[in-house]
Every structure is written in C-alpha cells, then in structure tokens.
Amino acid sequence: MCQHLPPCPPADAAGREAARLVAYHPEQGWGLLCNGVVFFDDTGELLPDGRSVRPAPVLAAA
C-alpha cells in the first residue's frame, strides 16, 4: 500500500500508528492510514485483515 520512502510501518507492526494519514474525517471520528489501518478517535483501530484493536483504557486522574 505504501508508495513513499521511507515506507510506513506495516499494519501488524507495533508502531503502525506512525503511518502517514491518507484520509481523515473528524466529524465522523475516524481516519485512514497509508498502511490500511482505520483508527478511531477513541483509540480503537480496525486492521486491514478485519481484526479490531480495542481502545486503550482510560486511566483515572489521581
């Protein structure tokens, strides 16, 4: 998917969120990265193979 240099991290890499932004729809709460990952404002993700990544837990302030 990634056509630029240096290439973005693949969708299954730990740093996948560092990929370039291809499309962003803040009014809908999601964006598409160049590695095919759809990320959501709640920190959840949808990977190109259909797997989902749960949103990060919110920690209470002390």
Side-chain angles (χ1 to χ4, degrees):
M1 290 184 169
C2 188
Q3 300 297 318
H4 50 265
L5 294 175
C8 290
D12 58 354
R16 64 180 158 257
E17 296 87 6
R20 285 190 185 178
L21 188 62
V22 174
Y24 184 49
H25 295 275
E27 71 282 359
Q28 297 175 353
W30 65 274
L32 174 65
L33 301 176
C34 127
N35 58 6
V37 173
V38 177
F39 69 92
F40 300 95
D41 287 349
D42 68 356
T43 70
E45 298 174 349
L46 183 59
L47 303 181
D49 64 4
R51 291 181 294 148
S52 62
V53 178
R54 298 180 64 101
V58 177
L59 301 174

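The figures here come from the full heavy-atom set of this structure, side chains too, leaving out hydrogens, waters and symmetry mates.
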Engineer: Can you list, pair by pair, the side-chain donor-acceptor contacts under 3.5 Å of residues 6-18, counting residues two or more places apart and other chains?
Structural biologist:
from: Arg16; atom 1: NE; to: Glu45; atom 2: OE1; distance (Å): 2.7
from: Arg16; atom 1: NH1; to: Ala11; atom 2: O; distance (Å): 3.3
from: Arg16; atom 1: NH1; to: Ala13; atom 2: O; distance (Å): 3.3

Engineer: Say you draw a straight line from CG of Asp41 to CD of Gln28; how long is it, rounded to the nearest 0.5 Å?
Structural biologist: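 It comes to 10.5 Å.
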
Engineer: What's the shortest heavy-atom distance between Trp30 and Tyr24, and which atoms?
Structural biologist: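 Looks like O-CD1, 3.5 Å.
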
Engineer: Do Leu33 and Val22 have side chains that get closer than 4.5 Å, going by heavy atoms?
Structural biologist: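 They are not in contact (no side-chain heavy atoms under 4.5 Å apart), so the answer is no.
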
Engineer: Val53 vs Phe39, test: side-chain contact (heavy atoms from CB on, under 4.5 Å). Steps then yes/no.
Structural biologist: CA-CA 9 Å; Val53 178; Phe39 69 92; over 6 Å; no

Engineer: Given Val37, which partner from the list Leu47, Leu32, Leu46 fulfils the side-chain contact (heavy atoms from CB on, under 4.5 Å) test?
Structural biologist: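 Among Leu47, Leu32, Leu46, the one meeting side-chain contact (heavy atoms from CB on, under 4.5 Å) with Val37 is Leu47.
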
